Amino acid sequence: MLKLYNTLTNKKEEFIPLVPNEVKMYICGPTVYDYFHIGNARTFIMADVIRRYLEYKGFTVKFVMNITDIDDKIIKKAIDRKKEYSSVAKTYANAFLEDLVKLNIKPATIYPKATEHIDEIIAMVKSLLERGFAYNVNGNVFYDVLKFTGYGKLSGKNLEDLESGARVEINEEKNNPLDFSLWKKAKEGEPFWESPWGNGRPGWHIECSAMGCKHLGETFDIHGGGSDLIFPHHENEIAQSEASTGKQFVHYWIHFGFLNIDNEKMSKSLGNFFTAREVVKNFPAEVIRLFFAQSHYAGSLNYSVELLDASKKGLEKIENFLFTLKEKQKSAVDHTKKIPFSCKKYYSDFEEAMDDDFNSAKALAVIFDFIKEVNRLFVEYPQLDKPFLEKVEKFLQKTAVDVFGIASFERKEESASLENELMEILIQLRITAKAEKNFALADKIRDDLKSLGIQLLDSKEKTVYKKS
RNA sequence: GGCGCUGUACCCAAGCGGUCUAAGGGGAAGGUCUGCAAAACCUUUAUUCGUCGGUUCGAAUCCGACCGGCGCCUCCA
């Protein structure tokens with residue numbers, strides 16, 4: 001039974017999709033005014049792991065991630081760069097998609113853009129006005145927070161506390177400081193779209209409501225994003241959507257913890273960030289993914305190069321295992337040997353962990369335990385049969401590869417045959433040298449190859465090589 | 001000021017009232033294998049879970065106080 005923590009109820013709940021075997025899931029994507037940072041990447045990667053696990057469970061997942069391609073920051077950047085807002089948005093939207101590929105994130109079913117949903121947005125604003133949840137002041141349309149009785153139900157805030165907080169922007173046009181923009185009147189020189197209230201552009205929150213409703217329906221299963229979106233963004237989305245449709249917007253709200261630097265939230269405004277594309281230059285996606293998956297998605301997590309290095313070592317353990325597995329497969333025998341081993345327990349432990357609010361750290365521990373035990377069998381049984389090795393491969397394929405995206409069987413494919421033959425010559429030469437106790441030559445061959453990125457691994461039976 | 005999260009070994013981290021004399025990864029130490037390495041395997045590295053109380057037959061896990069860290073309440077994943 002899959003359980004997940006629902007921000008709306010503050011409880012871990014059994015996951016029951018609206019339509020059996022189907023999941024409709026929406027994760028807030030980026031505002032494309034800059035490259036996204038490694039903290040944003042954490043949300044995208046862990047959402048990806050969740051999506052992949054849902055697929056592992058047999059659900060068909062419709063996964064939507066929006067791209068906010070019109071907003072104040074984009075306009076500001078466009079002015080600074082003396083470019084069209086749309087060219088800035090396009091640049092970073094493309095960069096966003098490229099970076100997702102680099103991070104080994106499965107593409108969403110759809111990446112809807114705000115500017116491509118102006119009609120839907122206008123329709124929703126219109127319906128909010130008609131229903132009395134919004135008001136128009138000189139072409140600025142605001143949401144009337146006091147009209148929506150459920151306001152604050154997601155973030156656990158109540159209006160009185162928020163008002164006494166008194167740090168909300170002062171805007172003469174608003175009835176209440178907490179009211180927020182649905183439609184912003186265009187200022188001189190700003191991009192705009194026509195609307196019944198004059199030229200303007202959508203407020204930030206409305207696009208997610210409109211696009212969520214359009215692509216996933218008025219009610220859908222899972223909606224998530226970084227914890228900083230709980231209030232006001234997601235709170236406002238609920239207010240907008242539920243006021244306009246009269247239906248519950250989302251059943252399960254999930255939120256991802258922050259990535260910290262020196263215990264402080266990584267953020268653009270603090271300037272303490274590294275872009276994902278920078279980090280992925282120094283660490284493969286697999287390392288980054290393992291690092292994130294080693295802790296729970298909702299908690300906060302510190303970022304440092306040292307921690308990434310530790311994960312890199314951990315990943316090597318997995319990669320070494322896959323390498324050994326491949327070697328074993330080459331020499332595998334057909335007949336079945338009785339090996340006291342079953343993957344069953346590992347599957348059920350893995351699922352039990354992931355079913356518990358996606359406890360990826362625990363699930364990874366299961367994978368590491370699995371590797372340890374099979375390694376032990378490798379030591380104990382020099383010759384293994386094919387069906388056994390296939391079962392081992394299948395387990396890792398389904399867990400480490402398909403769910404976590406931290407390993408691959410395809411990568412580092414079989415080398416060209418010429419290379420193999422040349423390597424065979426060198427290996428034989430070295431074996432001869434060793435037999436003659438000419439260790440200086442043997443070591444030189446090994447060291448020289450190592451500097452080319454080729455590692456020689458001796459074992460009793462034979463010597464194999466590995467490219468890094 | 002309001003709301004919420006958090007403090008587990010040298011580092012990261014799981015743990016959601018008994019199976020905890022506490023997973024997993026990294027690091028460190030010793031051993032097996034090896035000409036030497038690498039990989040792999042074995043052993044060791046928290047009788048203890050920020051502190052102090054309480055509830056309970058039983059607590060890292062629940063409650064309270066205190067000390068420390070963080071977040072949201074304004075754009076932010």
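So you know, we letter chains A, B, ... as the sequences are listed, proteins then strands, and number each from 1. Computed from a prediction, not measured in an experiment: that's the story for all the values here.
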In whole Å, measure the gap between the [atom1] atoms of [N] and [M] for me.
N: B:C72; M: B:C16; atom1: C1'; answer: 24 Å
N: B:U19; M: B:G58; atom1: P; answer: 14 Å
N: B:C5; M: B:G50; atom1: C1'; answer: 16 Å
N: B:G64; M: B:G27; atom1: P; answer: 41 Å
N: B:U61; M: B:G17; atom1: C1'; answer: 7 Å
N: B:A23; M: B:A46; atom1: C1'; answer: 13 Å
N: B:G15; M: B:A59; atom1: C1'; answer: 13 Å
N: B:U8; M: B:G69; atom1: C1'; answer: 15 Å

Partner residues of [X] under the side chain to side chain donor-acceptor pair (under 3.5 Å) criterion, sequence neighbours left out:
X: A:Lys313; value: none
X: A:Tyr252; value: none
X: A:Lys268; value: none
X: A:Ser295; value: none

Please tabulate, one pair per line, each protein N/O and nucleotide N/O from nucleotides 5-7 of chain B that are separated by under 3.5 Å, including the distance.
none

Watson-Crick/G-U partner (both atom distances under 3.5 Å) of [N]:
N: B:C33; result: none
N: B:A39; result: none
N: B:A23; result: none
N: B:C70; result: B:G4

Query raised in the report: Which side chain to side chain donor-acceptor pair (under 3.5 Å) pairs, counting each pair once, include a residue from residues 368-380 of chain A, with sequence neighbours left out?
Result: A:Tyr346-A:Glu373
Report summary line: The complete set of side chain to side chain donor-acceptor pair (under 3.5 Å) pairs with one or both residues in residues 102-114 of chain A, sequence neighbours excluded, reads A:Glu55-A:Lys106
Requested in this report: Tell me what A:His296 touches on the nucleic acid: a base, only sugar-phosphate, or nothing, going by heavy atoms under 4.0 Å.
Outcome: sugar-phosphate
Report task. Identify whether any heavy atom of A:Gly39 sits under 4.0 Å from a base atom; if not, whether one sits that close to sugar-phosphate; answer base, sugar-phosphate or nothing. Result -> base
Requested in this report: Decide whether A:Tyr5 and A:Asn10 meet the rule of one side-chain donor and one side-chain acceptor closer than 3.5 Å.
Outcome: yes
Just distance, no hydrogens or angles: give the donor-acceptor pairs under 3.5 Å from side chains in residues 94-101 of chain A, sequence neighbours left out.
| residue | atom | partner | partner atom | Å |
| --- | --- | --- | --- | --- |
| A:Asn94 | ND2 | A:Lys90 | O | 3.3 |
| A:Glu98 | OE1 | A:Arg277 | NH2 | 3.2 |
| A:Asp99 | OD1 | A:Arg277 | NE | 3.1 |
| A:Asp99 | OD1 | A:Arg277 | NH2 | 3.1 |
| A:Asp99 | OD2 | A:Arg277 | NE | 3.3 |

Report summary line: Residue set satisfying salt bridge (charged side-chain N to carboxylate O under 4.0 Å, His left out) with A:Lys157, at least two apart, ordered chain then number -> none
Query raised in the report: A:Lys83: what forms a salt bridge (charged side-chain N to carboxylate O under 4.0 Å, His left out) with it, not counting sequence neighbours?
Result: none
**Report entry** Stretch residues 259-267 of chain A: residues that reach within less than 4.0 Å of RNA chain B through a heavy atom
**Finding:** A:Leu259, A:Asn263, A:Glu264, A:Lys265, A:Met266, A:Ser267
Requested in this report: Decide whether a cation-pi geometry holds between A:Lys328 and A:Phe378; the criteria are a distance under 6.0 Å from NZ or CZ to the six-membered ring centre and an angle within 45° of the ring axis.
Outcome: yes
Report task. May I ask you to establish whether A:Lys398 and A:Tyr56 are in a cation-pi arrangement, using a distance under 6.0 Å from NZ or CZ to the six-membered ring centre and at most 45° from the ring axis? Result -> yes
Report task. Output yes when at least one side-chain N/O atom of A:Asn320 is less than 4.0 Å from OP1 or OP2 of B:A38, else no. Result -> no
Query raised in the report: So, is A:Arg376 close to the B:C42 phosphate, meaning a side-chain N or O under 4.0 Å from OP1 or OP2?
Result: yes
Query raised in the report: Can you give one letter per nucleotide of nucleotides 18-32 of chain B, 5' to 3': B if a protein heavy atom sits under 4.0 Å from the base, S if only from the sugar-phosphate, - if neither?
Result: -----BSSSS-----
